[in-house]
Amino acid sequence: MGSNKDLAEKLSDIADILDIEGVKWEPRAYRTAALTISGLSEDIGKVYREGRLLELEGVGKSIANSIKEYVETGKIDKYEDLKKKYPIDFDSFRKIRGMGPKRAYLLYKKLGIKTVEDLKKALDEGKIQNIEGFGKKSEEELKKNLESFMNVKNDRLLLGYVIEYAGSLIEKLRKSGLFERVEIAGSMRRMRETIGDIDILAISEKPEAGMDFFSKMDEVKGIVVKGPTKTTVELGIGTTCDIRVLPKESFGAAMQYFTGNKDHNVKLRKIAISKGLKLNEYGLFKGKNSIAGKSEEEIYNKLGMDFIQPELRENTGEIEAAQEHKLPKIVEYSEVIGDLHAHTKDSDGMNSLEEMAYAAEKRGLKYIALTNHSKSLPVAHGLDEKRFSELNKKIDSFNEKSSIKILKGVELEILKDGSLDLKNESLKELDFVIGAMHQNLNMGSKELTARLIKAINSGMINTVAHPTDRIIGQREGLKLDFDKVMEACKNNDVLLEIDGYPERSDLPFDLVKKAKSYSIKFSLGSDSHRTEHLRFLDLAAAIARRGWLEKKDIINTLEYKEVLKLRR
DNA sequence: GCCGTTTTCGGCCCGACTGTTTTCAGTCG
């Protein structure tokens with residue numbers, strides 16, 4: 001029994017070794033496949049068993065066979081053979097800046113370095129600088145990068161906790177007066193739930209002065225590279241930040257290029273080539289003439305397709321849809337007018353009912369569902385029927401006198417056997433019921449799926465809370481059979497939730513897309529436990545956009561009274 | 001090894017930066 005991550009690492013290792021052997025192009029193929037698999041949100045074993053391996057980007061006959069081997073035996077012969085020949089810990093070296101496969105091999109050949117520990121020892125003994133192709137500076141560089149590799153806890157940061165920080169960086173740069181324009185690009189612009197670094201693009205008449213200003217900002221801990229138009233620094237918060245300065249006439253091309261993702265860009269470039277054009281960060285070129293570059297729109301249009309929103313740029317069919325003019329009109333952030341998952345201090349939140357409601361109103365919302373935990377979650381001070389009934393009265397009187405409305409809700413425990421934590425009479429008094437599994441999750445996939453489906457079939461819940469139950473960086477999602485779950489949701493008019501709380505970001509966008517294909521509708525929630533968390537609703541909206549959802553797919557775009565009608 | 005709106009064979013994204021070279025390879029995004 002292996003994992004997607006382990007398989008992806010093995011395929012990357014194969015790529016590295018083939019690279020060393022001077023094999024042309026094959027490494028690229030293995031890397032593409034590795035990338036696809038590491039980004040997959042379903043178990044590769046499942047994909048294999050359902051005979052869908054060849055549908056994966058970059059997986060052909062040969063790699064599909066390797067995956068088959070891996071799923072069935074946990075091993076890949078080709079990998080084992082190559083690894084015997086090159087017993088090098090490529091997987092760790094890959095993560096050290098400046099250590100690619102070629103250098104790793106050179107150091108192995110010359111000094112017998114196989115592991116990170118070996119490398120550290122050789123560096124400490126000053127042996128690296130004498131190797132041909134290395135020098136004193138490379139040695140120093142490697143030392144530094146090895147250090148930061150050993151200190152790194154988690155390589156990607158959660159969008160929800162970095163986005164405001166990045167916003168303040170941008171503001172500082174704008175106010176410096178050295179730039180005509182400064183914008184965020186990269187995975188942050190695509191609103192991916194985790195980001196590897198922060199990418200900033202700028203237009204400037206004085207790029208060198210701009211680079212100087214940037215590299216000396218308070219937030220900067222160290223400089224990684226610094227050139228006249230491109231600088232990379234390490235920030236105090238534990239991530240790197242790239243800034244790139246480009247000419248005005250190229251800014252659209254640069255935004256397009258640096259927003260990514262990589263696969264999306266590669267495909268666009270191939271399309272450019274097929275039309276006898278060339279696309280790079282400076283523009284779209286016919287021979288030496290630029291035919292587009294100022295704006296992203298003109299680049300997409302000149303390539304024969306509609307403009308594609310940043311959140312969609314993942315190479316998961318958006319380019320084909322844009323060519324056929326069939327992209328959905330995805331939901332706007334401003335169209336989400338209510339929050340359908342929040343807590344107060346009645347259970348495990350920090351703020352009162354009034355504080356939460358008024359804070360939501362201040363953010364421009366028209367309603368908020370207060371969905372406190374139910375009694376079987378004692379760690380969160382879950383409420384019993386009696387306390388819910390009292391809270392409901394408070395909400396009714398609040399609603400009478402205020403313009404923002406509160407929905408009487410619950411985040412209801414789905415018990416071990418699939419029964420519900422509150423009596424039906426009590427549930428009938430509520431406006432919005434979120435079914436959730438927080439406890440007793442150590443059961444088999446079949447049992448978990450059956451448990452959830454029993455709750456969905458009860459007719460008493462509106463939506464399923466954070467359906468995969470993943471915690472990013474801490475635990476994988478539950479191995480639910482989502483085809484069955486979605487089928488059940490569809491048959492019972494039960495929604496799936498998109499929980500915007502940064503660690504959850506759940507459903508993930510690819511499962512959102514899948515659920516949409518079942519014609520399921522969605523509820524969005526910030527899962528706020530304090531007023532400051534209400535901004536996470538935008539992150540839920542971002543996932544909705546990344547999952548191609550339109551206004552009509554999301555009930556938070558309905559008016560308060562319409563949402564009330566959904567409750568039977 | 002993968003893939004197809006020039007193709008089932010013959011291509012495979014492209015430019016910046018660094019350090020070591022003495023014109024470029026390796027790495028990165």
Side-chain angles (χ1 to χ4, degrees), chain A residues 11 14-16 18-20 22-36 53-67 78 93-107 128-142 144-145 185-187 195-201 207 211 223-232 240-246 250 253-254 256-285 303-305 315 319-320 323-324:
Chain A
L11 295 176
I14 293 175
D16 279 359
L18 293 174
D19 231 351
I20 290 164
V23 179
K24 294 274 180 228
W25 308 118
E26 245 184 274
R28 175 188 299 249
Y30 277 94
R31 286 200 180 100
T32 308
L35 209 67
T36 301
L53 285 181
L54 291 174
E55 292 169 20
L56 299 177
E57 171 104 16
V59 175
K61 250 187 172 169
S62 169
I63 292 182
N65 260 325
S66 293
I67 297 174
K78 180 165 181 149
F93 289 147
R94 256 200 298 283
K95 293 167 192 150
I96 301 173
R97 185 179 276 273
M99 274 289 278
K102 303 253 170 83
R103 283 181 152 185
Y105 177 55
L106 185 64
L107 292 180
I128 305 284
Q129 55 177 294
N130 302 321
I131 307 294
E132 196 181 337
F134 288 84
K136 236 191 160 68
K137 275 200 166 169
S138 321
E139 188 174 277
E140 284 308 311
E141 227 11 64
L142 269 183
K144 221 176 72 191
N145 294 335
S187 52
I195 58 140
D197 64 359
I198 299 174
D199 289 298
I200 299 174
L201 288 188
M211 296 288 112
I223 296 170
V224 181
V225 294
K226 185 162 177 270
T229 63
K230 181 190 161 183
T231 293
T232 302
T240 56
C241 180
D242 285 350
I243 189 168
R244 187 79 187 256
V245 177
L246 289 117
S250 298
Q256 195 291 307
Y257 179 70
F258 288 104
T259 295
N261 76 0
K262 203 172 172 179
D263 291 346
H264 176 93
N265 286 352
V266 168
K267 190 167 265 176
L268 283 192
R269 288 187 177 202
K270 284 181 182 167
I271 290 170
I273 291 168
S274 76
K275 293 180 183 298
L277 306 171
K278 189 179 79 166
L279 178 64
N280 59 29
E281 61 261 55
Y282 297 104
L284 182 63
F285 295 90
L303 286 173
M305 62 188 82
N315 191 28
I319 291 175
E320 293 77 1
Q323 285 173 323
E324 294 162 15

*Asks:* Give me the distance, rounded to whole Å, that separates B:dT21 from B:dC14 when you measure between the P atoms they each carry.
*Replies:*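 To the nearest whole Å, 30 Å.
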*Asks:* Kindly confirm whether the side-chain ring of A:F134 is stacked on the base of B:dT20, judged by centres under 5.5 Å and planes under 30°.
*Replies:* no
*Asks:* For A:R94 and for A:V59, find the nucleotide of DNA chain B with the closest heavy atom, then tell me which residue's nucleotide is more 5'.
*Replies:*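 Final value for this comparison: A:V59.
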*Asks:* Contact class for A:I273 vs. all strands (heavy atom < 4.0 Å): base, sugar-phosphate, or nothing?
*Replies:* base
*Asks:* Between B:dT27, B:dG29, B:dG1, which nucleotide gets closest to the side-chain atoms of A:P101?
*Replies:*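 Nearest to the side-chain atoms of A:P101, counting from C-beta on, is B:dT27.
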*Asks:* Please determine whether a side-chain nitrogen of the Lys or Arg among A:E141 and A:R103 lies less than 4.0 Å from a carboxylate oxygen of the Asp or Glu.
*Replies:*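 Here A:E141 does not pair with A:R103 in a salt bridge, since their nearest N and O are not under 4.0 Å apart.
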*Asks:* Can you tell me how far CG of A:D263 sits from OG1 of A:T32, rounded to the nearest 0.5 angstrom?
*Replies:* 7.5 Å
*Asks:* From CG of A:L268 over to P of B:dC12, roughly how many Å is that when rounded to an integer?
*Replies:* 17 Å
*Asks:* Which nucleotide, B:dG1, B:dT18, B:dG26, lies nearest any side-chain atom of A:R103?
*Replies:*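 Nearest listed nucleotide: B:dG26.
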*Asks:* Pick base, sugar-phosphate or nothing for A:S62, based on heavy-atom distances below 4.0 Å to the nucleic acid.
*Replies:*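 Result for A:S62 = sugar-phosphate.
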*Asks:* Nearest whole Å is fine: how far is B:dG4 P from A:Q323 CD?
*Replies:* 12 Å
*Asks:* Given B:dG29, B:dC17, B:dG1, identify the nucleotide with an atom nearest to the side chain of A:T229.
*Replies:*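 For the A:T229 side chain, the nearest candidate turns out to be B:dC17.
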*Asks:* Rounded to the nearest Å, what distance is computed from the CG atom of residue A:N145 to the P atom of nucleotide B:dC28?
*Replies:*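 So the two atoms are 9 Å apart, to the nearest Å.
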*Asks:* So, do A:M305 and A:L268 sit near enough that their side-chain heavy atoms are less than 4.5 Å apart?
*Replies:*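 Yes, at least one pair of side-chain atoms sits under 4.5 Å.
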*Asks:* Out of B:dC17, B:dA16, B:dG1, which has the shortest distance to the side chain of A:Y282?
*Replies:*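 Shortest atom-to-atom distance from the side chain points to B:dA16.
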*Asks:* Picking from B:dG1, B:dA16, B:dG26, which would you name as closest to the side chain of A:K230?
*Replies:*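 When the side chain of A:K230 is considered, B:dA16 is the closest of B:dG1, B:dA16, B:dG26.
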*Asks:* Can you find a pair of side-chain heavy atoms, one from A:N145 and one from A:M99, that are under 4.5 Å apart?
*Replies:* no
*Asks:* Decide yes or no for A:M211 and A:T229: does some side-chain heavy atom of the first lie under 4.5 Å from some side-chain heavy atom of the second?
*Replies:* no
*Asks:* Paired with B:dT8 by Watson-Crick or G-U wobble geometry, both distances under 3.5 Å: which nucleotide is it?
*Replies:*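 Partner of B:dT8: none.
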*Asks:* Is there a donor on the side chain of A:Y257 or the base of B:dG15 sitting less than 3.5 Å from an acceptor on the other?
*Replies:*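 Absent.
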*Asks:* I want to verify a distance call: between B:dT20, B:dG26, B:dC17, whose nearest atom is closest to the A:K137 side chain?
*Replies:* B:dT20
*Asks:* Check whether any side-chain nitrogen or oxygen of A:K262 sits under 4.0 Å from OP1 or OP2 of B:dG29, and answer yes or no.
*Replies:*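 Result: no.
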*Asks:* Among B:dG15, B:dG1, B:dG29, which nucleotide sits nearest the side chain of A:R244?
*Replies:*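 Nearest nucleotide to the side chain: B:dG15.
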*Asks:* A:I96 near the nucleic acid: base, sugar-phosphate alone, or nothing, with a heavy-atom cut-off under 4.0 Å?
*Replies:* sugar-phosphate
*Asks:* Touch check for A:V23, heavy atoms < 4.0 angstrom, all strands: base, sugar-phosphate only, or nothing?
*Replies:*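 No contact.
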*Asks:* B:dC13 C1' sits how many Å from A:N315 CG, rounded?
*Replies:*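 Whole-Å distance recorded here is 13 Å.
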*Asks:* Rounded to the nearest Å, what distance is computed from the CG atom of residue A:L284 to the P atom of nucleotide B:dG15?
*Replies:*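 Going from A:L284 (CG) to B:dG15 (P), I get 13 Å.
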